[in-house]
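What follows is a short report on a single structure.
All values derive from a computational prediction rather than experimental measurement. Quick note on labels: first sequence line is chain A, next is B, and so on, each numbered from 1. Computed from heavy atoms alone, side chains included, the values below leave out hydrogens, waters and symmetry copies.
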There are 2 protein chains.
Amino acid sequence: MEQTCYLRHIAYDSVIFGFSGDKLKILITKYHNTGLFALPGGFVRMDENLNDAVRRGLKERTGLDNIYLEQFYTFGDVARFKPEVMKTILEANNFSTLNYEWMLDRFISIAYYALINYKDVVPTPDVLSDSCDWYSMDDLPPLMLDHSEIVKKALQNLRDNLERRLVGMNLLNPLFTMNELQRVYEAILGEKLHRGAFQRKILSMGILKRHDKQYTGAANKAPFLYSFELSNGAKLEIR
Amino acid sequence: MEQTCYLRHIAYDSVIFGFSGDKLKILITKYHNTGLFALPGGFVRMDENLNDAVRRGLKERTGLDNIYLEQFYTFGDVARFKPEVMKTILEANNFSTLNYEWMLDRFISIAYYALINYKDVVPTPDVLSDSCDWYSMDDLPPLMLDHSEIVKKALQNLRDNLERRLVGMNLLNPLFTMNELQRVYEAILGEKLHRGAFQRKILSMGILKRHDKQYTGAANKAPFLYSFELSNGAKLEIR
DNA sequence: CTATTATTGTCGCAATTTGAGACAATAAAT
DNA sequence: ATTTATTGTCTCAAATTGCGACAATAATAG
């Protein structure tokens with residue numbers, strides 16, 4: 001983690017979405033001894049693709065490879081330059097600000113959102129953080145710098161892309177019921193959808209493969225399980 | 001243009017769209033004595049917002065303020081790091097590579113697209129370029145580095161945003177006919193649209209104000225002129 | 001002044017998509 | 001066997017879209 005290792009002035013932040021208990025959640029880290037909450041982020045090595053840097057960070061935080069990842073905006077206002085904040089974090093961790101002076105510079109942050117299966121993840125804090133935990137989108141702690149704005153824009157982008165790309169299933173198990181999928185869509189869009197119309201629409205797209213029924217033990221008709229599968233050689237991008 | 005003035009490793013590129021002769025066009029600059037074509041780009045000052053840097057560059061290139069501008073992607077692959085190219089440009093302009101060594105570093109580029117009224121612009125080359133001219137999207141010269149990819153992605157984004165935001169009119173005069181607007185949409189989407197359906201749809205959105213007719217001298221019914229105007233307090237963002 | 005021509009604003013109709021409710025099927029409990 | 005909750009599917013109305021048609025009209029030609 002030396003100065004020469006990373007591109008100066010460049011950082012990334014990631015909004016990592018998961019779905020649990022009918023709620024859309026994201027991963028938030030908390031820095032040691034500071035009470036500061038932040039999005040998981042990191043820096044780009046000199047010899048590393050930007051996208052690869054983000055995937056590396058995601059791997060460290062979630063243990064997952066092959067995550068659905070989307071870049072959505074780059075934040076570059078001068079107002080986000082607040083060296084005191086970074087200084088606080090470094091000092092709270094007994095990092096000499098001499099060696100890490102480059103971290104006190106102005107940064108531009110490229111923001112990504114990721115969709116992962118909540119169950120697959122054991123959130124792991126990094127060196128500076130003492131926790132990395134899920135928070136419901138409707139119950140986030142106050143975030144440092146402009147991270148609240150980043151989250152807001154991430155959700156906005158996810159919603160916009162929900163129909164065009166077919167990303168809902170990335171938040172679920174490989175096998176899921178129609179009801180689970182609908183609840184994911186409802187959590188993302190923040191509104192109730194009509195069951196019949198939703199089922200009809202999704203099925204008409206021909207991207208789901210139907211499997212055996214799921215017998216949950218509940219006293220009612222068992223739902224089919226589905227997996228995401230392009231039957232014909234259809235492209236992922238709709239339209 | 002000294003080293004200390006700009007943020008290292010950070011550049012922007014802009015895809016500036018105009019509409020003329022039923023064609024969608026963009027501005028391309030050509031560097032002195034090199035035969036290299038590129039998108040208009042620039043750097044971010046230490047004390048300057050990223051978005052402001054782009055607007056500053058746009059102002060220099062087009063003379064226009066208040067341009068419709070959209071950030072769409074940040075390109076950060078290592079593969080775009082080709083110091084020879086920049087060196088060629090600097091040497092062709094008799095710029096000492098000593099003073100401009102920072103320009104030979106690896107850069108991450110934040111890409112924007114702009115929509116402007118073709119007629120309003122007198123394209124102006126910068127210090128390093130000997131021309132800044134319009135090129136039809138279907139007849140672009142070979143562009144340096146990954147600039148062709150940037151253009152491709154810009155068009156893709158513009159198309160995706162065309163319905164959601166109502167951006168077509170930014171390429172036209174304040175007063176325009178329905179036919180002109182349709183031709184803009186067709187140029188962007190790259191397909192013919194049905195006249196009746198287009199008119200009905202646009203008018204139903206209630207965002208156009210109808211003005212007097214335009215008597216062109218042609219032997220046919222004169223079309224109405226329209227301007228873009230939100231009648232009720234509607235938001236620009238649709239949906 | 002009348003006929004012609006090209007283009008415009010608008011309408012009608014069929015086809016398609018969407019919203020909302022209804023109903024039979026069914027897995028498990030009573 | 002009956003009840004309960006949920007599922008898959010259907011029907012019908014409402015809204016949207018694709019496509020052609022028609023009258024209106026600005027200028028020109030005769």
Can you tell me if the side-chain N/O atoms of A/Asn179 get under 4.0 Å from OP1 or OP2 in D/dT6? no
Pairwise distance OG1(B/Thr29) to CG(B/Asp130) - rounded to 0.5 angstrom: 9.0 Å
How long is the line joining CD of B/Gln214 and P of D/dA26, in whole Å? 13 Å
Tell me whether A/Asp65 is salt-bridged to A/Lys59, with the criterion being a basic N under 4.0 Å from an acidic carboxylate O. yes
Measure the distance from CD on A/Glu191 to P on C/dA20 and round it to the nearest whole Å. 11 Å
Closest approach to the side chain of A/Asn220, judged atom by atom: which nucleotide of D/dT6, C/dA28, C/dG9 is it? D/dT6
Closest-nucleotide mapping onto DNA chain C: is B/Ala218 or B/Leu203 further toward the 5' terminus? I mean the 5' end. B/Ala218
Residues in contact with DNA chain D, drawn from residues 192-202 of chain A - heavy-atom cutoff 4.0 Å: A/Arg195, A/Gln199, A/Arg200
Take the protein atom NE2 of B/His211 and the nucleotide atom P of C/dG9, then report the distance between them rounded to whole Å. 14 Å
Check the pair A/Tyr73, A/Phe75 against ring pair (Phe, Tyr, Trp, His ring centres under 6.0 Å), reporting the backbone distance first and the verdict last. CA-CA 6 Å; A/Tyr73 196 73; A/Phe75 294 81; 4.9 Å; yes
Heavy-atom side-chain contact between A/Arg195 and A/Gln182 under 4.5 Å: yes
Less than 4.5 Å apart, any side-chain heavy atom of A/Met169 and any of A/Tyr226? no
Could you tell me how far apart A/Gln182 (CD) and D/dT6 (C1') are, to the nearest whole angstrom? 12 Å
With distance as the sole criterion, is a donor-acceptor pair present between the side chains of B/His32 and B/Ser129 under 3.5 Å? no
Stretch residues 169-177 of chain B: residues that reach within less than 4.0 Å of DNA chain C through a heavy atom: none
Whole-Å distance, B/Tyr215 OH to C/dT7 P, equals 18 Å
Distance in Å, A/Ile16 CD1 paired with A/Arg61 CZ, rounded so as to fall on 0.5 Å steps: 7.0 Å
Between A/Glu163 (CD) and C/dT18 (P), how many Å, whole number? 10 Å
May I ask you to verify whether the side chain of A/Lys221 and the base of D/dT7 hold a donor-acceptor pair under 3.5 Å? yes
Return the value, rounded to whole Å, for the distance between atom OH of B/Tyr226 and atom P of C/dT8. 11 Å
Walk me through it: do A/Asn157 and A/Tyr113 pass the test side-chain contact (heavy atoms from CB on, under 4.5 Å)? CA-CA 9 Å; A/Asn157 265 270; A/Tyr113 69 83; 4.0 Å; yes
In whole angstroms, the gap separating C1' of C/dT8 from CG of B/Leu208 amounts to 16 Å
First encountered from the 5' end of DNA chain C, between B/Ala222 and B/Ala219: B/Ala219
Within the side chain of B/Arg80, is there an N or O that forms a donor-acceptor pair under 3.5 Å with the backbone of B/Phe107? yes
